[in-house]
Amino acid sequence: MTGQASVTAYLFLGLIFLIMPSLTWVILARQRSRVVVLWCAGSLLYAGGMLLVGLRGSIPDWVSFAVANLVTLAGLLSSIQALRLDQGAPWRLRWMVVAGLVYLLNFEFIERGLGNAPLRKEFIVLVHLTLLLQVVRWAWRIARRQQSMGALAIAGSHLLLAAAMLVRLVHLIQVGGGGEGPTRHLVEMGLLVSAGVLAAIVGDVGFIGIALERSARQQLEAVACKVRMEESLRLGNQLAHLDRQRSLGLMAATLAHELNQPLMAILASAQAARRGTAANRLEPAQSLELLDKVIANSRRISGITERIRSFIRPGEPHSAPVDLVRITREMLELLQPDLQRHGVRVTFPAASEPVLVQGDAIQLSQVVLNVLRNALEAVQLVPDRSLQIQITRSGSVALLSILDTGPGLDPGLADQVGRPYFTTKDRGLGMGLSISIAILEQHQGNLTLRNAEGGGACAVMQLPLLAPGSRQPRVPAENALAPLVVLAESTGGGQ
Ligand code: ADP
C-alpha cells in the first residue's frame, strides 16, 4: 500500500516537474540564455529522475535506483548552476562531474558494499537536502541583490521542500533499521509531494518572474540611459557653444584688427575717390579701380563676419563630410593676426587632396581652434616660436598633428591635462581640451597630447576617415587646396 502510494507520488511529481520547465522554456526561449537552458534542463532532469523512481518495478532496479538518483542529482546541480551562473560564479564542469561520481560511488558502496538500505535512504535525503539548501542560498542572494520577488519565491518554495526533507531525514534516522509506520510514511510522502509540487510550480513561476523583472528593469534602464545621454548631449552642445563664444571673445582684439584692415582700405579708397572727383582729376578707369577695391574689401568684411556668425551659431550639430585640411586652414586664417603679432612661424605642408571625415564642421573647427590656440599660447612662453601642422591618413584613420616649440607639459601634471577645469594659465578655464575630447568622442575619434621628443608638445587628433565612395563635401573653388605655409613675421620674441 505505502509502496504503491510512493510510486504514484513520484510519478505525479515527475509529471509536474516535466510540465513546468517546458512551460518556462516556451516563455523564455527567446532570451537564448545559458541560465534559462540550465534551469529548465535541471527541472527536466529532476523530472526524469522522479519518473524513473516512479517506474520502480517496471524497469530494472539499477535504473530506478542508481541511475534515477544520479539523474535527480544532476538536475539539482544544473538548477544550482543556473543560479550561480546568473550571479557570475558558476561551478567548473569538472567539479560537477567529480561530485556526481563521488555520489554514485558512495551510493553503490552503501547499497552493495554495506547492503544497508536505511542508510542509503538517509544518504539520498541528506544529499538532496544539502543541494536544496544551495538552491535556497543562491536564490536568496539574487532576491537580496536585485530585490527580486521571483527569486524570493524560489528561495521560499525550496526552503519548504528542504524542511520536508529534513523532517523525513530525522524520521529515517529515528527509525534506523526498524520499519516505518505506514501512516507516518504516508504523511511524510504527502508532505514531500506537496512541498515538491509547490517547489516545481512556484520555483518555475519565480524563475520566469526573475527574467521578466530583469527585462523590465533593463528596458527602464535603457530608457533612463537614453534620457541621460540626450541630456548630456544637449548640455555638451550648450557648453561647446559657450566655448566657441569664449574663443571668439578671446580673439576680440584680433578680430577687430582683422575687420579694421579692410575698413581702413575702404575708407582710403573712398577718400581717394572723393578727392579725385572733387578736383575733377579722376579718370573713369581710376574710379573703377577704387570702386573695385571698395567692393573687394567689403566682401572681405562680409566673409569675416559670416565666418564668425557661423562659428558661434547655436543649434543642433549637423553631420556631413568635413575636409580636415580646409577647416584647419580656416582656423589658421582666424588666428593669423595673433600668430603674426607673436611672431609664430607655422608650417603646414600642402595636402594633395582633401582629407575627409564625417561630422559637424563647426564642432570639429572648434577642436582644431582649441588645440591651435593652446599651441599658440604655449609658444608665447619661449623665444623660438613655431608650429608644425600635419594632416595624414593612416589606414582608416585621419590624423591631424600639431607640434609646438613651447615648454611642453609638466610631467607631474600630464595626467591631469584634459580633465575639466584643469589649467595652468592665469586666465585659463581648463575647459577647452575637455570639450574638444568630448566632441571627438562623439565623432568616434580621440585627442592625445604628449611631450615631443625634441621638446615642446604634440597634440594628435584622430578621426575615422570617411569611407571611399561617400558623398564628397562641396569644396568651393577659392579653397582648392594649395600648399599652405604660413610664415609669420618674427618679432624677436616680444608679445
Ligand atoms: P585652458 O587653455 O583654459 O587652460 P585647456 O583645457 O585648453 O584649458 O588646457 C588645459 C591645460 O593643458 C592648459 O592650461 C595647459 O597647462 C595644458 N596644455 C594644453 N595644450 C598645451 C600645449 N600645447 N603645451 C603645453 N601645455 C598645454
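Atoms within a ligand are numbered from 1 in the order they appear, just like the ligands themselves.
- Contacts between Asn370 and ligand 1 below 4.0 angstrom, taking non-hydrogen atoms only, are absent altogether.
- Annotation: atom 27 (C) of ligand 1 to nearest protein heavy atom, Leu409 CD2, 3.6 Å.
- Residue contacts with ligand 1: Gly406 is excluded, as none of its non-hydrogen atoms falls under 4.0 Å.
- With salt bridges taken as basic N to acidic carboxylate O contacts below 4.0 Å, one links Glu353 and Arg393.
- Under the 3.5 Å distance criterion, with hydrogens and angles disregarded, no donor-acceptor pair is assigned to the side chains of Arg281 and Gln286.
- The shortest contact between atom 8 (O) of ligand 1 and any protein heavy atom is with Gly430 CA, 3.2 Å.
- The environment of CZ in Arg274 is sparse: at most 12 heavy-atom neighbours from other residues, nucleotides or ligands sit within 6.0 Å.
- Scanning the protein heavy atoms around atom 7 (O) of ligand 1, the nearest turns out to be Asn374 ND2, 2.9 Å.
- In summary, the side chains of Asp204 and Trp39 do present a donor paired with an acceptor at a separation below 3.5 Å, with no hydrogens or angles considered.
- For ligand 1, the atoms sitting less than 4.0 Å from at least one non-hydrogen atom of Ala457 are 22 (C), 23 (N), 24 (N), numbered in the order shown with element in parentheses.
- Regarding atom 25 (C) of ligand 1, its nearest protein heavy-atom neighbour is Gly408 O, 3.6 Å.
- Residue contact check: Thr424 has heavy atoms under 4.0 Å from atoms 13 (C), 14 (O), 15 (C), 16 (O) of ligand 1.
- Within the structure, the closest approach of Asp404 to ligand 1 falls below 4.0 Å when heavy atoms are considered.
- Checked by atom type and distance alone, the side chain of Ser394 never pairs as donor or acceptor with a backbone atom of Val397 at under 3.5 Å.
- More than 12 heavy atoms of other shown residues, nucleotides or ligands fall within 6.0 angstrom of atom CD in Gln146.
- Dense packing is recorded around CZ of Arg217, with more than 12 heavy atoms of other residues, nucleotides or ligands lying under 6.0 Å away.
- Side-chain atoms of Gln366 and Asp243 form a donor-acceptor pair, as typed in the model, at a separation below 3.5 Å.
- For ligand 1, the atoms sitting less than 4.0 Å from at least one non-hydrogen atom of Gly428 are 3 (O), numbered in the order shown with element in parentheses.
- Looking at atom 4 (O) of ligand 1, its nearest protein heavy atom turns out to be Thr423 OG1, 2.6 Å.
- Considering both main-chain and side-chain atoms, Leu449 never comes within under 3.5 Å of ligand 1 through any nitrogen or oxygen pair.
- For atom 13 (C) of ligand 1, the choice among Lys425, Gln416, Glu377 with the nearest heavy atom turns out to be Lys425.
- Put simply, the side chain of Ser78 gets close to the backbone of Leu38: a donor and an acceptor are under 3.5 Å apart.
- Shown in contact with Leu429 at under 4.0 Å from a heavy atom are these atoms of ligand 1, numbered in order with element: 3 (O).
- In Glu453, the CD atom is not crowded: 12 or fewer heavy atoms of neighbouring residues, nucleotides or ligands sit closer than 6.0 Å.
- The protein heavy-atom contact nearest to atom 11 (C) of ligand 1 is Phe422 O, 3.8 Å.
- Looking at Val417 against ligand 1, only its side chain comes within 4.0 Å, counting heavy atoms.
- Among protein heavy atoms, atom 6 (O) of ligand 1 sits closest to Leu433 N, 2.8 Å.
- Counting heavy atoms of neighbouring residues, nucleotides and ligands inside a 6.0 Å radius, atom NZ of Lys226 does not exceed 12 of them.
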